[in-house]
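We number each residue from 1, following the sequence as shown. None of the values given here were measured: they were computed from a predicted structure.
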Amino acid sequence: MVLAVAITLAYPCAQAQQLDQTDHSIDTVVVSGSRAQSWLSETPQAIGVVNAKTLERDKPKTMGDILNRIAGVYWNDLGNEQHSMSIRQPIGTNAVYQYLEDGIPIRPLGVFNHNSLNEMNMAGASGVEVVKGAASSLYGSNAVGGAVNFLTAGASATPTAKVGVRRDNVGGYTRYDTSASDTWGPLGLRFSHYSSRRSRDNWQEYSYGDKDSFSLRADYALSPTSQLRATIVHTDLDAAMTGSLFENDYRANPGKSLNTFTYRKDKTTRMNLAWEGATTANGTSTVTVFTRKNDHGQIPAYSIGSCAGMLCKGVINNNHVDSLGLDVKHQQEFAWLRSRLIAGVYVDKSDNPFVSDNLSIVRDAATGRYLRYTLANASNPQGVRDYQTDILNTAVFAQWEFSPLAGTRVVLGGRSDAIRYDYHNNLAPGGSVNYGAPDESRSFSHVSPKLGATYAIGQAGSAYANVSQGFTPPEVSQLYGKTGIADLQPSVYNNYELGLRWAFLQGRLKLDTALYRLDGRDTIVSYTLSPGNSENRNAGRTRSEGLELGLNYDSGPFDARFATAIARHRYLRYQVSASLDYSGRSMPQAPRDITSIEIGYKPVAGARVALEAVHQGRYWMNNANTVEYKGHALLNLRASYQLARGLEAWAQVRNLMDKRYADSASSSYSGVGSYAANTQNQYTPGAPRSVMLGLGYTFNAL
C-alpha cells in the first residue's frame, strides 16, 4: 500500500513549479539520508537532527540529553553512560541499530554492544542525525530500527579555544571540557576533550565512574576540488556496574547496590583517513580507510544469578576487536531529470577474540549483596570460553535519485551484504567437559532494497513515503557464547512509512511527523529463564507501528519543542513451547508513548530559562503481559547566562519534583506457575533530584 502511495506522489504535480530549495521554509541540509548532502525536504525518510547550536546551548551531560529530544528516539540511562535504546523498537539491547561517526560504523558487524555510544566523544561532535526506520540499504546490516550518525566538528577559521567545568550535588559528578581549533592556510586542526569523574560518595552505592575522551581532526585542502580529512578518537572508561534491584529494595531503598565488585572497563580507539575530490565532470569520489581497536573487560552485573543459598554464579570476560576497513563512494550528478547516482563498496575485516571464566560469588544473607568472588572453572567448566572469530563484511550499495516532475523526488536504492564468521575455539570442545563448539565457518547474505518519493507542497511543506528493508544476522556472542551453537536465523524487517513536514508562521513553527509500520521476521529476542540466566531465540513474527510527531517553535524571546512517539510493539507469532505461547502479546519494555515538551524564555540578552517535561508511558515488564511498570513523568529545568564576553554560567536541575522512577523495569515471570515479585522483578532506579552548576569560557580571535 505504501509503495503505491510512494509512486502516486510522483504524478499529481504536473503543473507544480520547480522550487528554489534554498528558499524552502522547512529545509535544512542533512547527510545521513543518502550519504551525501541533501535537502531534508527531498529525503523520503524520517530524520531527526540536533545541530551544533543546540549542543552548545544545552550543555548535554549524557547522550540522552542529545537524542531524546527527537521524536521516536529514546536513549535509556543504565548508569555511567551505559544505556539501551529505542527507535521504532521496544527499549532493549538487541543489535537493531547502527551507530556511526561521519557515516562509518563505530563497531564491526557481529560485535554490536548496546553500550556503544559510551565510546563517543560528545565534546567533539558538531551535530547528530538519526535516520529512523530501516536504513540497511545504505548503512548495512543492523540498521533496522535506525542509524545514529555523529558528525565530527571541523576546524574553525580563526583561533578558538574553550574550557568548561561542571559539577552536580548528589551524583558526585564532575566534568571538565577543553577544545582548541585554528586554520593555517590549507590546514585546519581541532582538538576536543572531556574528562568526567563520578565519585563513590553519591546517592547510589557502588556507582563510581571515570571517563576520558578526546578527538583530533585535521582537514587539508589538496586543491580547490580535493581534500583530506583525518580523525582519531580515543575513549577510556572505567566504571562500576551498579546493576538492578529486586522489587523490595527498589521500593524501600533505591540508592542501594547489590553489587560491590562488578565493573566495565572500555578502551577504544578509532582512526579514519578520508580523501574526497572531483574525479569526473559533476562527480565526486570519497575513499575512507578506517581502523578500530576496542578492548572491553567486565564482570557484568546482569550475569549474576542461579543462586543456591548464599552462593551465586557469575562470569568475568574480555571482548576485543581489531578492525581494518575501506569505504569507497562515488556521487555523480546528471542534468537529466535532475538525477543523482550514489554508489560504493564497503569492506570491513575484524578479528574478535573473546575469553570468559566462571565465578563463584558469595552473597550476604541479610542484605542480599554480592560480597566477593573466586574463579570457579573446576566446578562449572562448561561456562569457560576462549575463542576467536574472524569477521569479514563486504557490501556494494547504490542509490538513484531523480525528479520525474517538478516538485517531486524519487529515490531507489539497495545494498547487498555478505557476512562471514570464521570461528576458532582455542579450547578442546566435546567430551564430558564441553568448552564450546568445534571450529566452523558460517556465512550470511542479504539484499536490502529501498524505494521512496517526496512531493513538495508549495514552499511550506513536503510529503513523503517509503518502503525499505532491514536485515540483521545473529551476533558472534549469540552464536558462540554458550555451550553449543545457538540455532538462530537472520532477522529481516520490512518498513513502511508516510511522513509530512510543514512550516507555519513564516517558518517559525515547524512540524515533522511520520506514521510507520515495521514488520519483523525471525526477530532475535533475549528470553529470560531466571535472573542472570537468559538465552537468545527467534520470535516468529513481530510488528511495531506508531506515530512520531515533532513540533519546533522559535521566535523572539520564546522557543518551544514538542516530541512524542505513540507506538505499539507486538509478537504476531512467538510460541516458546507447546504450553507457552506469546503470540498476540505486547513486547516487554515497550512504552505506550514517550513524550517530551520544553518551553524556553530569554528574559534578557544572553540569558535563557527552559522547563522540560518528560513522560514515559506504562509498559509490560514480561512477555506474558502480567507484570506492568506504570510509567513516570519528570520535570527538568535549565538556565544559562552570559556573564561577560565569552564567559557563561549555567545550571541544570534534573528530576525537579524528586520523583521515584525506574530507568528500566523487567520481570522474568513467564506467566505460568507462581509469581514472586521480589525474586523475578528487577528495576534500574532513576536518580533523585540533582542540581548541576557549570562555568565555561570561550576565546575567539574575532
Side-chain angles (χ1 to χ4, degrees), residues 48-77 81 83 85-87 91 117 122 127-128 130 166-171 173 175 203 508-513 548-566 591-603 606-618 631-641 648-664 685-694 696:
V49 179
V50 181
N51 59 29
K53 180 181 177 182
T54 301
L55 294 177
E56 176 64 25
R57 184 193 70 185
D58 288 355
K59 311 294 189 301
K61 175 186 176 183
T62 68
M63 287 294 176
D65 292 341
I66 300 173
L67 297 174
N68 293 353
R69 63 181 56 246
I70 300 173
V73 180
Y74 184 68
W75 179 95
N76 190 45
D77 192 355
E81 297 198 29
H83 62 92
M85 183 66 78
S86 171
I87 308 174
I91 301 170
L117 289 182
M122 289 183 283
V128 186
V130 181
R166 65 184 79 181
R167 181 173 175 81
D168 73 13
N169 66 323
V170 299
Y173 180 86
R175 172 172 154 180
W203 72 275
R508 295 191 298 271
L509 176 64
K510 295 181 179 180
L511 175 146
D512 193 340
T513 185
E548 299 161 349
L549 174 63
L551 287 166
N552 287 274
Y553 176 80
D554 194 354
S555 180
F558 292 99
D559 62 87
R561 65 172 175 84
F562 172 80
T564 189
I566 303 169
R592 274 67 160 179
D593 81 279
I594 298 177
T595 304
S596 67
I597 306 170
E598 184 180 39
I599 299 175
Y601 175 62
K602 307 176 189 69
R608 180 177 181 267
V609 179
L611 181 65
E612 179 187 48
V614 178
H615 179 264
Q616 185 180 103
R618 58 181 61 215
H632 58 257
L634 306 173
L635 291 177
N636 303 313
L637 183 67
R638 300 185 181 95
S640 61
Y641 182 63
E648 182 183 19
W650 71 89
Q652 299 173 355
V653 184
R654 289 176 168 79
N655 192 4
L656 182 65
M657 305 306 292
D658 203 22
K659 295 283 189 178
R660 178 169 300 178
Y661 70 99
D663 281 307
S664 176
R689 178 172 52 227
S690 65
V691 179
M692 176 178 286
L693 301 178

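Closest heavy-atom contact between Pro688 and Trp203: CD-CD2, 3.3 Å. The minimum heavy-atom distance linking Asp663 with Asn76 is given by the pair O-OD1, 2.6 Å. When every heavy atom of Trp75 is checked against every heavy atom of Met63, the shortest pair comes out as NE1-CB, 3.4 Å. A pairwise comparison of heavy atoms in His615 and Ala633 identifies CD2-CB, 4.1 Å as the closest pair.
Checked against Asp559 for a salt bridge (charged side-chain N to carboxylate O under 4.0 Å, His left out), the options Lys602, Arg638, Lys510 give a single hit: Lys602. Checking each of Glu612, Gln616, Arg561 against Ser596 for a side-chain hydrogen bond (donor to acceptor under 3.5 Å, both in side chains) leaves exactly one that passes, namely Arg561.
For the pair Ser690 and Asn655, the minimum side-chain heavy-atom distance is 4.5 Å or more. At a threshold of 4.5 Å between non-hydrogen side-chain atoms, the residues Leu117 and Leu67 count as touching. Side chains of Arg175 and Met122 form a contact here, defined as non-hydrogen atoms less than 4.5 Å apart. With a 4.5 Å cut-off on side-chain heavy atoms, Ile91 and Ser664 do not count as touching. At a threshold of 4.5 Å between non-hydrogen side-chain atoms, the residues Val49 and Ile70 do not count as touching.
Rounding to the nearest 0.5 Å places CD1 of Ile594 at 11.5 Å from CD1 of Ile566. Rounded to the nearest 0.5 angstrom, Leu637 CG and Glu598 CD are separated by 10.0 Å. The distance from atom CD1 of Ile599 to atom CZ of Phe558, rounded to the nearest 0.5 Å, is 9.5 Å. Atom CD of Glu56 sits about 11.5 Å away from atom CG of Asn51, to the nearest 0.5 Å. The distance from atom CZ of Arg689 to atom CG of Leu634, rounded to the nearest 0.5 Å, is 12.5 Å. Atoms CG and CG, on Leu656 and Asn636 in that order, are 8.0 Å from each other to the nearest 0.5 Å.
A donor-acceptor pair under 3.5 Å is absent between the side-chain atoms of Arg654 and the main chain of Ala687, judged by distance alone. For Thr513 (side chain) and Glu548 (main-chain N/O), a donor-acceptor pair under 3.5 Å exists by modelled atom type. For the pair His632 (side chain) and Lys659 (backbone), a donor-acceptor distance under 3.5 Å is absent. Within the 3.5 Å criterion, the main-chain N or O of Lys61 finds no donor-acceptor partner in the side chain of Gln652. Using a distance-only test at 3.5 Å, with no hydrogens or angles considered, no donor-acceptor pair links the side chain of Asp512 to the main chain of Gly550.
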Could you walk me through whether Arg608 and Asp58 pass salt bridge (charged side-chain N to carboxylate O under 4.0 Å, His left out), step by step? CA-CA 10 Å; Arg608 180 177 181 267; Asp58 288 355; 3.7 Å; yes
Which is it for Leu55 and Ile66 under the side-chain contact (heavy atoms from CB on, under 4.5 Å) test, yes or no, and what are the steps along the way? CA-CA 7 Å; Leu55 294 177; Ile66 300 173; 3.8 Å; yes
